[in-house]
Amino acid sequence: MQTELVFSGFGGQGVLFGGMVLAYAGMDNGKNVTWIPSYGPEMRGGTAHVTVVISDEEIGSPLTRRPQVAVVFNIPSMTKYEDTVTPGGLLIYNSSLINHSPKRADIRYLAVPANDIAGKLGNARMANMVVLGALIAATGLLPLEAVCQALRNHLPAAKQKFVQSNIVALQRGADLVKNLQAA
Amino acid sequence: MQTELVFSGFGGQGVLFGGMVLAYAGMDNGKNVTWIPSYGPEMRGGTAHVTVVISDEEIGSPLTRRPQVAVVFNIPSMTKYEDTVTPGGLLIYNSSLINHSPKRADIRYLAVPANDIAGKLGNARMANMVVLGALIAATGLLPLEAVCQALRNHLPAAKQKFVQSNIVALQRGADLVKNLQAA
Amino acid sequence: MAKELLKGNVAIAEAAVRAGLQAYFGYPITPQTELLEHMSARMPELGRTFLQAESEVAAINMVYGAASTGVRVMTSSSGPGISLMQEGLSYIAGSEVPAVIVDIMRGGPGLGNIQPAQSDYNQITKSAGHGDFRPIVLAPGTVQEAIDHTVLAFDLADKYRTLVFVAGDGMIGQIMEPAELPPMRQPAQTRPAWALTGADNRPKNVVSSLYLGAEKLEALNKRLQAKLQQIKENEVRFEAINTADADIVIVAFGTAGRIAKTAVTEARRQGLRVGLFRPVTLFPFPSSQLEKLAARTKAMLVVEMNAGQMVDDVKLAVNGKTPVQFYGRTGGAVALPDEILDQIILLDKRYPAKKATPNGQGVVISVA
Amino acid sequence: MAKELLKGNVAIAEAAVRAGLQAYFGYPITPQTELLEHMSARMPELGRTFLQAESEVAAINMVYGAASTGVRVMTSSSGPGISLMQEGLSYIAGSEVPAVIVDIMRGGPGLGNIQPAQSDYNQITKSAGHGDFRPIVLAPGTVQEAIDHTVLAFDLADKYRTLVFVAGDGMIGQIMEPAELPPMRQPAQTRPAWALTGADNRPKNVVSSLYLGAEKLEALNKRLQAKLQQIKENEVRFEAINTADADIVIVAFGTAGRIAKTAVTEARRQGLRVGLFRPVTLFPFPSSQLEKLAARTKAMLVVEMNAGQMVDDVKLAVNGKTPVQFYGRTGGAVALPDEILDQIILLDKRYPAKKATPNGQGVVISVA
Amino acid sequence: MVDVMMEKAPEKVMWAEKMVYERPAALSDIPTHYCPGCTHGLIHKLIGEVIDELGIRQRTISVSPVGCAVFMYDYFDVDGAEAAHGRAPAMATGIKRVQPDNIVFTYQGDGDMASIGMAEIIWAATRGENITVFFVNNAIYGMTGGQMAPTSLPGQVTGSSPNGRDVEMTGMPIRMAELLAGLPGASYVVRRSVHNIQTIKQAKKAIRTAFQVQMAGAGFALVELLSSCPTNWKMTAADSLTWIKENMVPYYPLGDYKVADVVKTLNNRGK
Amino acid sequence: MVDVMMEKAPEKVMWAEKMVYERPAALSDIPTHYCPGCTHGLIHKLIGEVIDELGIRQRTISVSPVGCAVFMYDYFDVDGAEAAHGRAPAMATGIKRVQPDNIVFTYQGDGDMASIGMAEIIWAATRGENITVFFVNNAIYGMTGGQMAPTSLPGQVTGSSPNGRDVEMTGMPIRMAELLAGLPGASYVVRRSVHNIQTIKQAKKAIRTAFQVQMAGAGFALVELLSSCPTNWKMTAADSLTWIKENMVPYYPLGDYKVADVVKTLNNRGK
Amino acid sequence: MAKGRIKVDEAMCKGCELCIMVCPYGLIEMADHFNAKGYKPAVLIDPDQRCTGCTLCAMMCPDAVITVYRETKIKPSPAYA
Amino acid sequence: MAKGRIKVDEAMCKGCELCIMVCPYGLIEMADHFNAKGYKPAVLIDPDQRCTGCTLCAMMCPDAVITVYRETKIKPSPAYA
Ligand SMILES: Cc1ncc(C[n+]2csc(CCOP(=O)(O)OP(=O)(O)O)c2C)c(N)n1
Ligand SMILES: Cc1ncc(C[n+]2csc(CCOP(=O)(O)OP(=O)(O)O)c2C)c(N)n1
Ligand code: SF4
Ligand code: SF4
Ligand code: SF4
Ligand code: SF4
Ligand code: SF4
Ligand code: SF4
Ligand SMILES: [Mg+2]
Ligand SMILES: [Mg+2]
């Protein structure tokens, strides 16, 4: 099994970090993973993308034209990636910033009011973790606990103090999906 | 017909210039000619060589391993070129500076006390013209007058004042050979 | 050691440190800058030399200096910086001191952009600046390989007293994937006999690329060419996947090579007999290995992230024994598996299967 | 105009002046220095720009600047200096401004020496620094050709907005032989539409090699490759002597080519059917012309003043259709006619005459 | 361009709304890629204003550096060239020597000019090339993401001096204005800043003079401008300006380092 | 090495012949390729004498330039590297940084250092590299046959300034000692000459100090030496020395341009 | 005091807040909404018309996105008489 | 005055004449013959033993080919006593 995911948003929205946590979790769970950002002099202020591949096999191409999952944090990213998601795939978007009417019928959409939720948790910068939690819950790609553990394992010492609040954010994102699914 | 000549001596002995006058004379007489010096950071103090080719045909190689004529102005040049002259060829040497017993029987040697003659003419720097005059006389490569005319045609204006004394030196060199031949 | 999630640039830097690197000199340039940044933290920590040079010209000449003392030394850069190093590279080549250069290629020509590319293939494999020399060039396709190649690069550099390039691209530099770092080796405590360390109780040593007089310089060149010959004989490395029964062989290196793997897998899934030949050493190029394959394949497809450079080496290797097709993307664009697959399908239709010929020699078809 | 006895370096300089050169920027280096010195006298005399730059790096970037304004501009150097120009060359290539570079090659690698060599063939024909570009390369064999090529270089540079090299060697630079200079052309009074002259009554012009985003840079590269293709189709130049009935064809360029003429003459005298194929454009390489010859010849002998560089282009051209043998001298040594003749004789004995095959296609013999 | 709009009917005096500041025409109407609050933009604006005021837009040619200002040619509505890293002075030399009637200016960062481009700037100044140079000193390599620059301050933490610039290893930061002022070929060399309104005004004046020097054929003119890099300094835009004032200005004193006599004459004329 | 030889039988006092000057041991026993009377040789000799006197031959590493001194590694009996044109300071940096116990010196001509190598020398000085640099200023490109150097004097006729150096076009000759002295990283920067016995003695002293600075780990030391090029100046060796005195010294004043406090201490200790 | 106003080009504003810093009357604030580039643009909040059109904000704006207008007395031209 | 003499390494001398220039007593001249490199070497012509061994010539010689000897008083050592 191989899953290709794209994360995209403004620089500063924690896009790259969200993808990296997922990659760590995949690696710790014995998967092959690749994480490759777009990079450029316009990073700041511009748009940041990252492609994450999680696979049971050796990963050839770390890039994909048609991801199974796209996670978009702003309108330009929505515009860019909505069409690319592979049929049957999933598009998760930050509905705090994106007001969107789905164009496609052949993919699933998941609206996560990530900034609102994160804001309520007291730190708007954790929107990315909210989305990641939702992603995990919606795809079952990895156990949520694996992602939590990845934070514990790999956040540098100086940042370990944020682990707990990040985990709460992950949880909220996951809960949101569970509630939706329950609904 | 093609003639390949090498001139060799210390820098400052006018070796390159001697070859160039010959090349000019060849060109003015409708021949194909090439003139190619050795060049290097050791030019001064070191040894200067030039290869001149005069030909009725288009000239391919401007270099030769076995010149028909070698004109040597000092001992190192003698050492280097004596062996290279093509059998039947001619080796002209400045006997004012080189005290030499010929090694080979298959080439002709011509000893020209060029510095002595030039010194008597009042300018040791004209030794090269004395040798060139001898060369012309000994080979008949070109009419002597052609060489004199080349000086007139091609010496830059500032040096035209030396034309006449150079011609006298050429003449002395040629006379020497004629006297030898007459002897 | 356990695998870690490592960024290519950082992995190369740390691998070099662990291979006993004594000195690093470099100048920032995207997409290799994390390499320099890692060095700036690690080298001083270990009491070794890190210096951000004033330019790539200075960097390569500092490398030249340090290399002259017989220590392990490296620099890293990308296109424009590598261009500025050409004179220094040529001096290093002519002086026969060992040095490792990492080139994380980006789109060109000129300032171009900073996306991944392989467009410096000719520049780094065909010469080391002016003169007749050619460096060893290793082309990793994964972070693990980047690590392994870096260590290998130092060993080869020392073994042959030569220049070795590790040639990645922006993708290899920027990707993170799990990989294992080598154990830490300390810089060698002794110096080679030729090294400049002071003429104490021995005749003086000289490091120079100046050989006045054609005979002397020709003698140097003969020695260098003999060395290159030896390298050609002993150091060829490549990866061949599914080539045994392949009708079509894709030839691709580095990032293009790893991406092509996905295309090959997909092609096999569709029932096409496709293989992948991935040169790991770009110089020495695995020519005879490719030539052997040529006899059996009905066509080869060379995929590069440039306008067609390695393709000439492939053609030289197969020497007309099989058609060679090229597919390339330029300017930082990357050929993705689906495009490569399209090319495979086209090729498969265009060429009839090759009949085995007596001596294993195929019918020669001229290729445009 | 009458023929004059001209030194190659001076002849090139004066030819450039007469081709309407508006600016020269350069830095002294043997064996091209007379070229710069001639410019230092002539250009100011004509009210044009001569500037001795602080380095070759500065020189090529001054050339880049002047070229951006649409005037005829050139520089000249030799190996080490050409290496230092690589980055600037790549910028010029990426910006598509016309410029002429004279490379009077000397022995390498490194400081090497100042004797004539052809060892920068790969460096100047396979790339212009980093990135995918290749300049047009003209290789004169005589002073007259050096003059003609210089004038042609400017015309081609303007026509294609490209880099053009005149690639000589120390021998071409230092030799004197009779040649005729072209008539004096004044620098053009008008500037091309793209040139930087001030955005007065027109939209602004930009000269840049920066194309952020792979699509944009790929579009540039497609345009550049299309240009190179056009150049390949229209600008191939070569000289073929006695090739019509030749069993053996010598392939050599520049000085090696002219020296080989003497060997061919001598070989014919000895009854051997030998011809000479002399590529005049090294890029575009006369591949199809050579390929045609390959069908008929029993072997080709490539002679170069290097360790074997153009020989790969010859092999690529003949694509296995005839054996290709290499004979080279390095480090400033020059292959003389007698050595070449020896090689011809060896080759003649080694290979049987080729039977004409139906389609003009020869038997393929693999060459090491 | 006075945009007159009637308000209510005038009684005795009339009031009209006049545009008193607008984006200079010499700037293109497109957003820059500079980070929020980055004073590269501010310096562009000042240059644009001066170009407008001097009426030289149609004959100006800009030379962009490699650095954050690499796209400068997009931001000015003048002919523009993009130089190789550090080589803008050489490229400008090439342009100006064949186009003496054009006004040629370069714009270079500290990495571009003081590190890789050291030889070219010293030589342009030494020759007294008749060009105008803006040296934007932000004590960091902005574009490549924040490595140590030649002008990074002692102890400054950067991507390539993670423990703070160690001057034992790297030497003290280089003072370009002082260095270049010592060269006989330089006619006008000053240092300014843009960290508050007052310094901005002074900077603009210097930029104006630097162009006037060229217009008068009076030789090499350079304005060093202390500038911010909020992103790589990891500060807000406002804090960055304070950092310039408190940390950079003390090491890089503002002032006139070389004002050749011929320039003084100009200045007087200008008044 | 006192070569004692008995003369006639001594009466009261004994007389012995002592060798009071001989070729320094640090120089190899081979002739140089320098032209007759070229003071490159003289400067080599002084360096050799100092190396002998300081007893550092066994740990010295020389870095040759590209220029007439390119073969310097042949002429000194010390380990030697041959740098690319202008890059000796970078190469020396590479050597010294990994071999701090060696004494590393470079020797560069005016073209090598002041033209193509400007960035590298400024940066070595700025960083305060602990190396010793000899800058041999002969106002000409000797090796390539006499083109204009950055230090060629106004009006000087050279191969590339056939009508005399035109300072309007090329700027005034550059004064390296003054330029480098301004850099904080430089500890010792002086200019000397070798045109007569007195200046030769002063030059030797400066060479000695420049090595001592390095031995003390006190940073960057540079001695500029005015030197002759009889061949390309087209003068006799003797006239060349006069030319230095009459033409070069006025433009390139001899003197100490930077003697850092740490160096002064050294000097006192040396006494 | 002359009356003034400013116009911020919202789409081009980067929300750097430097204009806020220099306005002598504290008349500029950041909007609550994001522009297309993801920044909250500056807005003039001047209910009491205290803006003098002093241009300080415009002088400081790195992105040159502020236009300043000021009311000035003008001599009535004949047309208005 | 101390007595001295110099030895010129003829093969290495380049005949530049700088030693001639500095000898306070004019004791050095150029030989009439050429050495192997083509130069006329310097020779000490000191019939009156005026050379003081002052080393000026050696200090000036660019090619370091002059060795200087000087007679000096030495304390008789016991062995000679
Ligand atoms: C030859 C070369 N080396 C390195 C680079 C990478 N590079 C791009 S911008 C830059 C530094 C820019 O710093 P600075 O000049 O201070 O400008 P800033 O971005 O700070 O304005 C570097 C090193 C390059 N493009 N070319
Ligand atoms: C990159 C490069 N450019 C040019 C040259 C040619 N070159 C050799 S020496 C030299 C100048 C030497 O002049 P200088 O440094 O003043 O030394 P001098 O010979 O006068 O002692 C030049 C330009 C070279 N070898 N390499
Ligand atoms: S990185 Fe720094 S210098 Fe570059 S645009 Fe951003 S703030 Fe400005
Ligand atoms: S050319 Fe000049 S500098 Fe070079 S060795 Fe001769 S005299 Fe000395
Ligand atoms: S013009 Fe002056 S008063 Fe008005 S908003 Fe701007 S700074 Fe404030
Ligand atoms: S200074 Fe300009 S860019 Fe910054 S917030 Fe104010 S208006 Fe917007
Ligand atoms: S040692 Fe003194 S006196 Fe004797 S020859 Fe030399 S300079 Fe003259
Ligand atoms: S100074 Fe030295 S080289 Fe010159 S003539 Fe005297 S002994 Fe000979
Ligand atoms: Mg900066
Ligand atoms: Mg010099």
Side-chain angles (χ1 to χ4, degrees), chain C residues 57 79-80 82-84 86-87 90-95 105 107-113 115 119-120 122-123 126-133 208-222 224-225 306-307 309 312 315-316 319-321 329-334 364 366-367, chain D residues 57 79-80 82-84 86-87 90-95 105 107-113 115 119-120 122-123 126-133 208-222 224-225 306-307 309 312 315-316 319-321 329-334 364 366-367:
Chain C
V57 171
I82 298 293
S83 279
L84 286 172
Q86 294 295 312
E87 189 202 26
S90 188
Y91 273 72
I92 291 173
S95 305
M105 290 183 262
L111 189 48
N113 65 24
Q115 303 309 119
S119 50
D120 306 346
N122 279 346
Q123 190 183 30
K126 302 293 175 198
S127 65
H130 57 284
D132 269 301
F133 199 68
S208 167
S209 65
L210 172 61
Y211 291 84
L212 225 63
E215 314 73 41
K216 285 190 198 148
L217 189 55
E218 185 161 48
L220 168 72
N221 272 291
K222 281 186 179 150
L224 295 179
Q225 292 298 321
N306 62 38
Q309 300 193 19
D312 279 355
K315 286 184 185 171
L316 280 168
N319 200 25
K321 293 197 187 65
R329 296 294 304 271
T330 59
V334 178
V364 176
S366 161
V367 183
Chain D
V57 171
I82 298 293
S83 280
L84 286 171
Q86 293 295 311
E87 188 202 26
S90 188
Y91 273 71
I92 291 173
S95 305
M105 290 184 265
L111 189 49
N113 65 24
Q115 302 310 117
S119 51
D120 306 347
N122 280 345
Q123 189 183 33
K126 301 294 177 198
S127 65
H130 57 286
D132 269 303
F133 199 69
S208 167
S209 65
L210 172 62
Y211 290 83
L212 225 64
E215 314 73 40
K216 284 189 199 149
L217 189 55
E218 185 161 47
L220 167 73
N221 272 290
K222 280 187 180 149
L224 295 179
Q225 291 299 319
N306 62 38
Q309 300 193 21
D312 279 356
K315 286 184 184 172
L316 279 168
N319 200 25
K321 293 197 186 65
R329 296 294 304 270
T330 59
V334 177
V364 176
S366 163
V367 183

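Labels below follow one simple rule: chain letters A, B, ... track the order of the sequence lines, proteins then strands, and each chain is numbered from 1.
- The greatest number of non-hydrogen atom pairs below 4.5 Å with chain C, out of D:Ala93, D:Gly79, D:Ser83, is found for D:Ser83.
- Residues that satisfy the side-chain hydrogen bond (donor to acceptor under 3.5 Å, both in side chains) test with D:Asn306, not counting sequence neighbours, are D:Glu304.
- Pairing each heavy atom of D:Leu210 with each of C:Gly112, the nearest pair is CD1-O, 3.2 Å.
- Between chain C and the residues D:Gly94, D:Ser90, D:Ser95, the most heavy-atom pairs under 4.5 angstrom are made by D:Ser90.
- Among all heavy-atom pairs drawn from D:Leu111 and C:Tyr91, the shortest one is CD1-OH, 3.3 Å.
- Residue D:Asn319 holds its CG atom at 8.0 Å from NZ of C:Lys315, rounded to the nearest 0.5 Å.
- Contact count against chain D (heavy-atom pairs under 4.5 Å) is highest for C:Pro109 among C:Gly332, C:Ala128, C:Pro109.
- Remark: D:Ser127 OG to C:Gln309 CD distance equals 7.5 Å, nearest 0.5 Å.
- Within the 4.5 Å cutoff, side-chain heavy atoms of D:Leu84 are placed close to those of C:Glu87.
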Would you mind writing out the side-chain donor-acceptor pairs for residues 214-221 of chain D within the sub-3.5 Å range, not counting sequence neighbours?
residue, atom, partner, partner atom, Å
D:Glu218, OE1, C:Arg329, NE, 3.2
D:Glu218, OE1, C:Arg329, NH2, 2.6
D:Glu218, OE2, C:Arg329, NE, 2.8
D:Glu218, OE2, C:Thr330, N, 3.0
D:Asn221, ND2, C:Gly108, O, 3.0
D:Asn221, ND2, D:Leu217, O, 3.1

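- Residue C:Ile92 does not touch chain D at all, counting heavy-atom pairs closer than 4.5 Å.
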Is there a side-chain contact (heavy atoms from CB on, under 4.5 Å) between C:His130 and D:Ile82 once you walk through the steps?
CA-CA 8 Å; C:His130 57 284; D:Ile82 298 293; 5.9 Å; no
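- Highest contact tally toward chain D, considering only C:Leu316, C:Val57, C:Asp120, C:Asn122, is held by C:Leu316 [criterion: heavy-atom pairs under 4.5 Å].
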